[in-house]
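In this text, all values refer to a predicted model and were calculated from it rather than measured experimentally.
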Amino acid sequence: MATAADATPPNYRQAKAVKKFDESKMGVKGLSDSGITSIPAFFVHPPHTLSDLKLTSKTAGSLPVIDLAGLESADCRRTTINQVKEAAKTWGFFQVVNHGVPVAILDDTIRAVRAFHDEPRDVKAKYYKREEGRGVMYASNNDLYRAEAASWHDSLQAWMGPEPLPPEELPEVCRHQVEAWDGHARGVAEKVMELLSEGLGLERGRFKELTFSESRVFVGHCYPYCPEPDRTMGITPHTDPGIVTVLLQNRIKGLQVKRGGEWVEVSPVHGGLIINVGDFLQIVSNGEYKSVQHRVVANSEKEPRISIVMFFNLSKWRGSGHYGPLPELLSPERPAIYRDFTAQQFLDNFYSKGLDSKSFIEKIQIQN
């Protein structure tokens with residue numbers, strides 16, 4: 001005979017479990033540290049997400065590694081511009097070395113973000129909330145209530161610009177490092193944006209003039225040990241919405257990039273930073289640069305994977321309130337392949353759903 005509990009619809013039971021987990025403020029790190037041997041049902045992903053989990057390409061090559069040393073030399077700069085342009089067109093991702101940030105600073109930033117995630121639950125709970133868009137927010141899964149299934153990660157987020165974030169809002173254990181990283185990551189992003197701009201035939205400072213590096217969000221992800229990594233994801237396949245992303249990570253693998261229909265595992269280069277093209281840059285470049293799908297597999301290592309992401313986007317929209325491909329890149333021979341859109345349409349698309357791949361670009365593509 002069915003009991004009342006048995007008769008409860010699965011979706012309702014799952015919604016209750018998600019709410020209970022969220023209100024506990026323990027995060028995935030808390031679950032992992034508790035010693036569980038199986039993951040809660042709402043973390044289990046459907047077969048269509050997990051079907052190619054172990055299918056990584058052996059033939060698609062590895063992420064391009066680009067040396068940013070010697071950019072003052074005209075010949076060297078020309079070579080580097082071509083390398084960046086080719087990587088942004090064909091991969092949408094590349095690693096940079098000799099970018100100007102000392103390895104000691106990279107390591108200290110990773111250590112500080114891990115120190116935050118290692119703090120006791122009651123310390124982290126002070127920052128646990130779901131108010132995206134300003135201040136500081138610690139939470140497990142931005143899209144916890146929007147996604148088909150939860151993923152195995154927690155995140156510390158800080159909106160660093162265009163309005164400066166008061167330092168005292170940042171957790172004390174990583175305050176200095178997050179503040180400093182904002183400046184370092186912005187310096188690297190602006191250096192790369194100059195090369196990307198020149199790769200399109202534009203002036204070196206055009207992207208900075210368009211405020212492409214002013215809106216900045218810092219995200220410190222923690223992917224703790226997962227007892228059942230074959231049943232969930234670290235982060236589901238998606239593209240980034242902005243101009244460019246600068247990524248710093250520790251030695252634990254997990255990031256995979258889609259290329260030619262196959263997933264390519266990214267091996268971290270110690271001292272290197274990963275750059276990827278966002279949807280906004282694909283649109284403003286009129287499809288010259290590609291924003292590609294990427295994902296993170298759940299962590300099977302006992303050591304947590306730490307990933308520090310800085311998202312860059314523009315802060316000033318055109319006077320009309322619309323944006324689209326840059327007019328100077330268009331011609332009768334190369335017409336716009338995307339229609340203009342508003343800031344509200346862009347934000348609504350991002351915040352109204354779980355992470356997915358390229359839905360906004362597909363929505364605004366002009367069909368021939």
Side-chain angles (χ1 to χ4, degrees), residues 64 66-96 98-100 161-162 183 185-216 239-247 273-292 310-343 346 358 360-361 364-366:
I66 299 174
D67 192 336
L68 297 186
L71 291 179
E72 299 77 19
S73 155
D75 288 344
C76 184
R77 188 175 188 89
R78 198 171 303 114
T79 299
T80 308
I81 289 167
N82 290 335
Q83 290 173 337
V84 166
K85 179 179 181 178
E86 184 64 19
K89 284 177 67 170
T90 58
W91 277 88
F93 268 78
F94 50 95
Q95 300 202 55
V96 294
N98 292 319
H99 41 66
R186 185 175 185 176
V188 173
E190 289 182 346
K191 193 179 292 187
V192 170
M193 284 187 200
E194 287 183 354
L195 300 169
L196 288 164
S197 183
E198 290 176 276
L200 294 171
L202 304 174
E203 290 294 323
R204 181 184 299 188
R206 182 64 173 137
F207 283 7
K208 189 167 185 178
E209 178 187 318
L210 292 167
T211 73
F212 282 3
S213 61
E214 287 189 11
S215 182
R216 306 180 307 285
T239 59
D240 291 348
I243 299 290
V244 299
T245 303
V246 176
L247 167 67
L273 294 169
I274 293 173
I275 310 290
N276 67 280
V277 172
D279 294 349
F280 215 108
L281 181 53
Q282 178 169 330
I283 295 162
V284 297
S285 71
N286 203 36
E288 188 73 11
Y289 296 147
K290 298 296 188 290
S291 171
V292 303
M310 189 72 86
F311 296 103
F312 291 86
N313 209 351
L314 81 167
S315 67
K316 292 180 183 171
W317 288 63
R318 292 175 184 156
S320 63
H322 287 73
Y323 230 95
L326 294 177
E328 55 263 53
L329 299 178
L330 305 179
S331 66
E333 298 75 34
R334 187 155 173 75
I337 60 174
Y338 305 110
R339 60 177 175 79
D340 284 3
F341 55 92
T342 67
F346 180 73
K358 302 187 86 70
F360 188 69
I361 284 180
I364 65 166
Q365 190 154 4
I366 297 171

Which pair of non-hydrogen atoms, one from Gln95 and one from Ile274, has the smallest distance, and what is that distance?
-> CG-CG1, 3.6 Å
Checking side-chain contact (heavy atoms from CB on, under 4.5 Å) for the pair Tyr323/Leu210: CA distance, chi angles, key distance, verdict?
-> CA-CA 11 Å; Tyr323 230 95; Leu210 292 167; 3.7 Å; yes
Could you give the distance from OG (Ser285) to CD1 (Ile337), rounded to the nearest 0.5 Å?
-> 8.0 Å
Whether over 12 other heavy atoms sit under 6.0 Å from Lys191 NZ = yes
Under the side-chain contact (heavy atoms from CB on, under 4.5 Å) test, residues paired with Glu86 that sit two or more places apart | Thr90
Between Asn286 and Pro325 the two heavy atoms that sit nearest each other are OD1-CG, 3.5 Å
So do Ile283 and Ile364 actually touch side chain to side chain, heavy atoms under 4.5 Å?
-> yes
Could you walk me through whether Leu247 and Leu273 pass the side-chain contact (heavy atoms from CB on, under 4.5 Å) test, one step at a time?
-> CA-CA 6 Å; Leu247 167 67; Leu273 294 169; over 6 Å; no
Measure from the side-chain N and O atoms of Thr245 to the backbone N and O of Phe311, and report whether any donor-acceptor pair falls under 3.5 Å.
-> no
Side chain of Tyr289, backbone of Leu196: donor and acceptor closer than 3.5 Å?
-> yes
Scan Val244, Val188, Ile275 and name whichever one has a side-chain contact (heavy atoms from CB on, under 4.5 Å) with Met193.
-> Val244
Going through the checks in order, is the side-chain contact (heavy atoms from CB on, under 4.5 Å) test met by Val84 and Ile66?
-> CA-CA 7 Å; Val84 166; Ile66 299 174; 3.9 Å; yes
Backbone of Gly242 reached by a side-chain donor or acceptor of Asp240 within 3.5 Å | no
Candidates Arg206, Arg77, Glu203 - the one meeting side-chain contact (heavy atoms from CB on, under 4.5 Å) with Glu194 | Arg77
Taking the side chain as every heavy atom from C-beta outward, state whether Thr80 and Leu68 have any pair of such atoms under 4.5 Å apart.
-> yes
Val277 and Ala88 have their tightest heavy-atom pair at CG2-CB, 3.9 Å
Minimum heavy-atom distance Ala87-Phe94, with the two atoms named = CB-CD2, 3.7 Å
Distance in Å, Asp67 CG paired with His99 NE2, rounded so as to fall on 0.5 Å steps | 10.0 Å
For the pair Glu214 and Lys208, find out whether any cationic side-chain nitrogen is under 4.0 Å from an anionic carboxylate oxygen.
-> no
If we only count heavy atoms from C-beta on, is the Leu329 to Val284 side-chain gap below 4.5 Å?
-> no
Salt-bridge test for Glu209 and Arg204: reply yes if a basic N is under 4.0 Å from a carboxylate O, no otherwise.
-> no
Determine whether the aromatic ring centres of Phe341 and Trp317 lie less than 6.0 Å apart.
-> yes
Could you state the interatomic distance from CG (Leu195) to NZ (Lys85), rounded to the nearest 0.5 Å?
-> 12.5 Å
Heavy atoms, side chains only, cut-off 4.5 Å: are Leu314 and Phe280 in contact?
-> yes
From CZ (Phe312) to CG (Leu281), nearest 0.5 Å | 13.0 Å
For Ser213 and Arg186, which heavy atoms make the closest approach, and how far apart are they?
-> O-NE, 3.6 Å
Distance col, row Ile81:CD1 vs Leu71:CG, nearest 0.5 angstrom, shows 8.5 Å
Would you name the heavy atoms of Ala336 and Ile366 that are closest together and state the gap between them?
-> O-CD1, 3.6 Å
Are any of the side-chain heavy atoms of Glu190 and Phe212 separated by less than 4.5 Å?
-> no
Would you find a donor on one side and an acceptor on the other, under 3.5 Å apart, between the side chain of Thr239 and the backbone of Asp279?
-> no
Decide whether Ser291 and Gln282 meet the rule of one side-chain donor and one side-chain acceptor closer than 3.5 Å.
-> no
Check whether any side-chain heavy atom of Pro241 lies under 4.5 Å from a side-chain heavy atom of Phe346, and answer yes or no.
-> yes
